Amino acid sequence: MIKVVIAEDDFRIAQVQEQFLQKVPGVKLVGKALNAKETMEILGDCEVDLLLLDIYMPDELGTDLLLKIREYYPMIDIIMVTAATERTMLEKAIKFGVSNYLLKPVTMEKFIETIEAYKKKKKLLSNRDEVDQTLIDRYFGSSNQSTINQKDLPSGVDRHTLKKVEEVMGELEGGISIEEMGEKIGASRTTARRYLEYLVSINVCTAKHEYGIVGRPERKYYLLEKESKIR
């Protein structure tokens, strides 16, 4: 469960953000602050993973607060949610390692998309003592990830289903068969094979023939970054 704090001086906007968060599984709101002082107090009292931070607060700018947060709570992730469009504000936020920067007014779709993307990145690094370049490329959205997001997908491969298949692969501890993938995404064996083979073709996955209980070889698919664990 990802623990979230909202730091927003307008209680109405904070309430809307809270309603948006309730639509995202796996997150829990643990506090709301109306100013910088309350923000620091909540961060000191609660276990927090993610801070949704406004810039224009009554007692201190959120961008100035970043220095204190990084000094005392360096592991907290921060997403700025602000009306500030000045380039200097964005540059300062980037230098302090914010995860994202949302401009108000934020639509529900954009808000949820941003939180889901944050969750996905956090999960990608969980339970990993070591990283490889493939995982790093996926985390920063380069290399194979940019290929997956390309506009011109091959015939028979649609973006929505591809995303579902990729999410299933990302949650696996081991490999998955065509039949298992079909069950998880609610598709036929032929459809599951098409998407798995596409991921193999762009070097996101690898496929291996393994022998089951009855001795018949079965084709299983693994994410390349997890292949080092499969021996």
Side-chain angles (χ1 to χ4, degrees), residues 1-8 13-33 39 42-43 46-54 62 66 69-70 73-82 93-94 96-104 106-132 134-149 159-174 176 181 184-186 195 199 204-205 222-226 229:
M1 184 67 68
I2 295 174
K3 301 176 178 62
V4 183
V5 167
I6 295 173
E8 166 61 60
I13 294 177
Q15 187 174 23
V16 170
Q17 291 181 15
E18 181 178 1
Q19 291 171 353
F20 289 170
L21 280 175
Q22 291 172 352
K23 298 181 182 296
V24 183
V27 301
K28 177 183 179 182
L29 182 67
V30 296
K32 289 193 290 186
T39 300
I42 292 175
L43 296 184
C46 302
E47 182 181 340
V48 181
D49 299 304
L50 175 64
L51 171 64
L52 304 180
L53 179 62
D54 189 15
L66 288 172
I69 295 172
R70 287 299 178 228
Y73 312 106
M75 299 308 293
I76 290 178
D77 296 316
I78 302 169
I79 294 177
M80 308 300 294
V81 186
T82 178
I94 291 173
F96 280 102
V98 300
S99 299
N100 213 320
Y101 195 98
L102 295 176
L103 288 176
K104 299 175 183 176
V106 185
T107 65
M108 181 179 68
E109 291 76 13
K110 182 62 178 178
F111 186 95
I112 293 175
E113 174 189 325
T114 301
I115 301 300
E116 289 287 5
Y118 166 77
K119 283 175 50 185
K120 188 173 182 180
K121 281 190 172 185
K122 194 171 181 66
K123 185 171 185 177
L124 195 61
L125 293 182
S126 64
N127 303 318
R128 294 294 297 268
D129 295 326
E130 296 183 359
V131 301
D132 55 26
T134 302
L135 183 143
I136 292 169
D137 288 341
R138 285 167 60 81
Y139 184 88
F140 287 104
S142 58
S143 188
N144 291 333
Q145 187 67 23
S146 62
T147 304
I148 293 174
N149 290 333
R159 195 174 317 283
H160 177 70
T161 305
L162 183 60
K163 183 178 179 180
K164 288 173 61 177
V165 172
E166 186 193 6
E167 288 174 351
V168 170
M169 295 300 297
E171 295 172 355
L172 294 176
E173 292 299 326
I176 191 169
M181 178 60 76
K184 286 184 176 294
I185 66 172
Y195 283 88
L199 291 180
V204 171
C205 295
Y222 299 87
L223 281 180
L224 283 176
E225 69 234 36
K226 296 184 178 181
K229 293 186 175 182

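Quick caveat, the model's predicted, so the values are computed rather than measured. In this chain, residues are counted from 1 in sequence order.
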Leu103 and Val106 have their tightest heavy-atom pair at O-CG2, 3.3 Å

Taken in chain and number order and not counting sequence neighbours, the residues that satisfy salt bridge (Lys or Arg N to Asp or Glu O under 4.0 Å) with Lys23 are none

Tyr101 meets the ring pair (Phe, Tyr, Trp, His ring centres under 6.0 Å) criterion, sequence neighbours left out, with none

If we only count heavy atoms from C-beta on, is the Ile115 to Val27 side-chain gap below 4.5 Å?
yes

Exercise. Is the shortest heavy-atom distance from the side chain of Ile13 to the side chain of Lys104 under 4.5 Å?
Worked result: yes

d(Ile69 CD1, Leu53 CG) to nearest 0.5 Å is 5.5 Å

Correct closest heavy-atom pair for Leu66 and Ala93 would be CD1-CA, 3.9 Å

Gln17 meets the side chain to side chain donor-acceptor pair (under 3.5 Å) criterion, sequence neighbours left out, with none

Smallest heavy-atom separation, Ile79 atom then Ser99 atom, equals CG1-CB, 4.0 Å

For Glu167, the salt bridge (Lys or Arg N to Asp or Glu O under 4.0 Å) test, sequence neighbours excluded, returns none

Hits for side chain to side chain contact (heavy atoms under 4.5 Å, CB included) against Leu29, two or more places apart or cross-chain, chain-then-number order -> Ile6, Glu18, Leu21, Lys32

* Other residues, nucleotides, ligands: >12 heavy atoms within 6.0 Å of Lys163 NZ -> no

Taken to the nearest 0.5 Å, the spacing of Phe20 CZ from Thr107 OG1 works out to 7.0 Å

Residue set satisfying side chain to side chain donor-acceptor pair (under 3.5 Å) with Thr114, at least two apart, ordered chain then number -> none

Exercise. Do Val5 and Leu50 have side-chain heavy atoms sitting under 4.5 Å apart?
Worked result: no

Side chain to side chain contact (heavy atoms under 4.5 Å, CB included) filter on Gln15, not counting sequence neighbours, yields Gln19

Quick check: do Tyr195 and Leu162 have side-chain heavy atoms less than 4.5 Å from each other? yes

Minimal heavy-atom distance between Ile94 and Val98, with the atoms involved, is N-CG2, 4.2 Å

Sorted by chain and residue number, the side chain to side chain donor-acceptor pair (under 3.5 Å) partners of Tyr118 (sequence neighbours excluded) come out as Asp77

Looking only at heavy atoms, the pair that brings Gly170 and Leu223 closest together is CA-CD1, 3.7 Å

Any side-chain heavy atom of Val30 within less than 4.5 Å of one from Glu47?
-> no

- Item | Flag, side chain of Arg70 to backbone of Ile76, donor-acceptor distance under 3.5 Å | yes

The side chain to side chain contact (heavy atoms under 4.5 Å, CB included) partners of Glu116 (sequence neighbours excluded) come to Val24, Pro25, Ile112, Lys119

Heavy atoms of Met169 and Ile176 approach each other most closely as SD-CG2, 3.6 Å

ask   = Taking C-beta and beyond as the side chain, do Glu166 and Val204 meet within less than 4.5 Å on heavy atoms?
value = no

| request: Might you work through the side chain to side chain contact (heavy atoms under 4.5 Å, CB included) test for Asp54 and Val81, ending with a clear yes or no? | output: CA-CA 5 Å; Asp54 189 15; Val81 186; 6.0 Å; no

Residue set satisfying side chain to side chain contact (heavy atoms under 4.5 Å, CB included) with Lys121, at least two apart, ordered chain then number -> Tyr139

- Query: So do Leu199 and Val165 actually touch side chain to side chain, heavy atoms under 4.5 Å?
  - Reply: yes

By side chain to side chain donor-acceptor pair (under 3.5 Å), Asp49 pairs with (sequence neighbours left out) none

So do the side chains of Lys28 and Ile2 get within less than 4.5 Å of each other, counting heavy atoms only? no

